[in-house]
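Reviewing the structure listed below.
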Amino acid sequence: MMSPTRTHSKSELEKLSHPSRVSHSSSLAMEQFKGQPRLPKFAVPKRYDVKLKPDLAACKFGGSVAIGLDIVADTKFVVLNAAELTVNAGSVSFTHGGSSKVFKPSKAETFEEDGILVLEFGEMLPIGSGVLAIEFEGILNDKMKGFYRSTYEYNGEKKNMAVTQFEPVDARRCFPCWDEPACKATFKITLDGVPSELVALSNMPIEEEKVNGHLKTVSYVETPIMSTYLVAVVVGLFDYVEDHTSDGVKVRVYCQVGKADQGKFALHVAVKTLELYKDYFAVPYPLPKLDMVAIPDFSAGAMENYGLVTYRETALLFDEQHSAAVNKQRVATVVAHELAHQWFGNLVTMEWWTHLWLNEGFATWVSYLATDSLFPEWKIWTQFLDELTDGLKLDGLEESHPIEVEINHAAEVDEIFDAISYRKGASVIRMLQSYLGAEVFQRSLASYIKKHAYSNAKTEDLWAALEEGSGEPVNKLMNSWTQQKGYPVISVKVKDQKLEFDQTQFYSSGSQGDGQWIVPITLSCGSYDVRKNFLLQAKSETLDIKEFLGCSVGKVGCGGNKDNAICSWIKVNVDQTGFYRVKYEDELAAALRNAIEKKQLSETDRFGILDDSFALSMARKQSFASLLTLLSAYREELDYIVLSNLITVSYKLARIAADAVPGLLDHIKQFFIGLFQYSAEKLGWQPKPGESHLDAMLRGEILNVLAVFGHDLTLDEATRRFHAFLEDRNTPLLPPDIRKAVYVAVMQRASVSNQSSYESLLRLYRESDLSQEKTRILSSLASCPDPNITLEVLNFILTPEVRSQDAVFGLAVSSKGRDTAWTWMKENWEHISKTWGSGFLITRFVSAIVSPFASFDRVKEIEEFFKAHPNPAITRTLKQSIERVQINAKWVQSVQSEKNLADVVTELAYRKY
Ligand code: BES
Ligand code: ZN
């Protein structure tokens, strides 16, 4: 290594980005490139020849890159990305293509804050093509980004593997490059100095492998034109399973040595999904092979690197004996999601991070399509409502952001991999698809993919394709959903044989926003045979019932029937395909409650009524008591998705009640226990032969909630089964689907004076080599109501026994552990920031620990703490979490002022049906 480059940290100069405005004279000329959202485009990269030499033992790497590029503007500067690399300045050269003249830079500086490398040459570089060559060195870091190391055990020995994770902006940590999604080029990768017994993978198949003693040099076929964030390399010890698609794409799943069987399920899903997407997008999978690899240390869930998809173990491996139904579903949906990106994201890439949602929202949506086709019995589209409700929850905050979000610095990108990009994104796509129709939608998508293949696209390009395919004003319709944050609540009233619809922006805080949307309204009335729809374009609209519905709404809720042509109920947003909430006037709401009891509504509509009512109650547009009354209509509910949401709602309501009306808490818990009795009895503890996937998942969730609310019989039975398991790991009494619930149950009775089950669980944690089992245990440990145990658990997640990606599971603390967790976080903030502070995992600490609070005093305390300990990586999340605390605090106050709540609660809790 020769002279390392100098590093600047502060921007002194005015920010310029256009080549023609570049100053070539000032002595500070190099600094003009700092603080820019995007690189200046003096040069356009075409082809990278990247050589990397990882040293797994010393945790470092050396490398060189030769970048074929076009100089497109007169310049003395070449500006590209590089971060935490030691660039060998003496090695840098630019060779002009025509004349073969070699230019050496007079200066080479990296600016770490912006992740850029600025090269200044002594003379203007000639316009035209040439090759930029750079040598560099770096560290195989332990931060799960850039080029990093992950650890595993082999034959009892600790080993390192080398892995890349480049999205969003970390390719620059591996080699100098134009690290922006629109700067597509081809990549010729070579790995050097690789121990010959290791598996070395990259995006493309191996072209040549040269073994020299016990080291080898592996070079790969050059990639098609692609973005830097999708380049990947993995070097380590692996076993694999292999299969082919019907048109000959070779697919492999790589696992830890000895675990290859656990890759079989994902392999099956991958092969089937590739075939399905080939038809759906009407374009074959663009590469000759697809590898999928389980990586023990991995910060996201999975990453769609072109031809080399990397996963957390929990998202790829399935163990027939020890994995649960929910694990199986996770593997299938994650694989389907990442493979969707091979077309939507990799072949056609967003032009800039502003359009990240095109990648993530779309892949999320289409993963349901694939999963549904492979596993129709999972009724996965009903489970899509989990995406919808999470999207609505985040977007109900004033601190939300539009789907198309302005990005002015690389550091801002991490935080937008959030429920807006993924879940709202997926939901508005679903809304549009159901408005346009599945066939038109697919055809237009195929033409979009074809048109922008090997290139980039913006949101408006997708709308243009759909507009052309459908003849509908898609652009105008969709802009209202992607360019402004938030969504409407539609108020519905019946008056004088007229139906009135009115939209206002919904905020969970109860505030009034002034957004307005073009809303595809759908409704059914009395029966699903009656379906109507229209576009609500204005603030409000009144429709004549007779004309519109062809029937009359005499007195809704009085139980009229179709023969009389009188609607007994009106459900707006049929099947919950729209991204909005609905508020019914009292009489319409009562009719729906009645229809739920009479089992006249679909599971998706039952979900929607519950979810909207919960949200309206939080926003104080509806009383807590009336929400509980609505919940009682679900006492014979058996559907997975509805119960699953009911459980989520009950946890939240119990937490609010604990702050607002502690004296009523036991009654409220009793009410919930009663609500879940019906399904608990139907499901029992033991899996039934041939039972559905959904029942298997539901059993675990129901037992879990009964345990958390302290249902004695559940706790007793769980303890019995837990002990049977401790005696005999093969006992049939603890099948994987109820394991987490049983662990949670035994933790409910753990305390400092009775630590035995806590210690037993720790033993199980240490004993297991299945990541899914480890995360099950981690998330149950935290649920203990004794704050002393909470503290032990929190300290445990900071030890090397917990991989840093998994620590966040231990943050799911009980409401009694809330204060302990906050104090603990403050005390350990420096360590937490250092360990998790350079990725999105740190945001999980803040949201998990801050958002459960429910008082204005806490808001002040939280604000003060973070003012004294600022961290740009959590800017958005902190604001959102604080807003949640404020919403909770207002909700608590309003619940306290509900006069009749005690009467309603006691009546509901002990009512006999
Ligand atoms: N592209 C993402 C991975 C990613 C996330 C990279 C955040 C950088 C920052 C990948 O396609 C993805 O979305 N993974 C999901 C799983 C998916 C099934 C929702 C994840 O990591 O949670
Ligand atoms: Zn994704």
Side-chain angles (χ1 to χ4, degrees), residues 143-146 148 163-173 179 181 226-232 266 269-270 273 277 292-295 297-316 326-350 353 355-371 380 383-384 386-387 390-391 407 410-427 429 775 805-806 808-809 836 838-844 873 876-877:
K143 300 277 178 262
M144 300 184 285
K145 61 187 210 176
Y148 73 94
V163 190
T164 55
Q165 168 60 44
F166 289 171
E167 193 182 17
V169 290
D170 295 314
R172 63 192 66 174
R173 288 170 201 279
D179 197 10
M226 63 183 280
S227 304
T228 48
Y229 78 89
L230 294 165
V231 173
V269 173
T273 305
Y277 289 152
M292 311 205 293
V293 195
I295 308 291
D297 300 276
F298 198 82
S299 74
M303 175 64 211
E304 70 267 24
N305 309 304
Y306 220 173
L308 178 54
V309 182
T310 44
Y311 295 82
R312 267 188 195 215
E313 292 184 341
T314 49
L316 186 68
V326 65
N327 301 131
K328 188 172 201 170
Q329 183 176 306
R330 170 82 179 154
V331 170
T333 51
V334 178
V335 169
H337 175 111
E338 303 312 332
L339 298 197
H341 280 314
Q342 306 301 308
W343 285 260
F344 224 97
N346 300 7
L347 185 59
V348 180
T349 311
M350 70 250 153
W353 299 109
H355 307 283
L356 172 71
W357 85 278
L358 276 181
N359 263 13
E360 299 304 349
F362 189 85
T364 300
W365 175 79
V366 89
S367 73
Y368 281 79
L369 195 91
T371 309
I380 200 80
Q383 298 187 56
F384 186 88
D386 286 340
E387 310 279 350
D390 282 358
I407 295 292
E412 296 169 13
V413 186
D414 258 330
E415 269 196 296
I416 59 160
F417 285 82
D418 63 1
I420 298 302
S421 303
Y422 280 76
R423 296 171 165 196
K424 182 181 185 184
S427 302
I429 285 174
T775 54
Q805 65 189 20
D806 293 331
V808 291
F809 293 109
W836 288 275
S838 61
F840 54 83
L841 284 173
I842 184 105
T843 65
R844 308 288 194 272
R876 242 181 228 291
T877 310

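Counting starts at 1 for both ligands and their atoms, following the listed order. When reading the values below, keep in mind they use all heavy atoms of this one structure, side chains included, and skip hydrogens, waters and symmetry mates. Predicted model only: the values in this text are computed from it and were never measured.
Among the atoms of E304, some N or O lies under 3.5 angstrom from an N or O of ligand 1. Looking at T333 next to ligand 1, no N or O pair under 3.5 Å apart turns up.
Judged purely by distance below 3.5 Å, without hydrogens or angles, the side chains of E338 and Y311 never pair a donor atom with an acceptor atom.
Assignment of T364 to the shell around ligand 1 is not supported, since no heavy atom sits closer than 4.0 Å. Ligand 1 lies less than 4.0 angstrom from a heavy atom belonging to Q165.
Smallest separation of non-hydrogen atoms from S421 and I416: OG-O, 2.6 Å. Contact record, A336 with T371: CB-OG1, 4.0 Å, taken as the closest heavy-atom pair.
Residue-level proximity to ligand 1 for A302 is carried by the backbone, the only part with a heavy atom below 4.0 angstrom.
Contact atoms of ligand 1 toward F840: 7 (C), 9 (C) (distance under 4.0 Å to a heavy atom of the residue). Atom numbering of ligand 1 starts at 1 in the shown order; those under 4.0 Å from a heavy atom of V334 are 18 (C).
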Please walk me through it: do L308 and V293 pass side-chain contact (heavy atoms from CB on, under 4.5 Å)?
CA-CA 7 Å; L308 178 54; V293 195; 3.6 Å; yes
Give the intermediate values and the outcome of ring-ring contact (aromatic ring centres under 6.0 Å, His included) for residues Y229 and W353.
CA-CA 12 Å; Y229 78 89; W353 299 109; 5.5 Å; yes
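In terms of protein heavy-atom proximity, atom 16 (C) of ligand 1 is closest to E338 OE2, 3.8 Å.
Of the angles at the Zn ion (ligand 2), the one spanning OE1 of E360 and NE2 of H341 is 100° when given to 10°.
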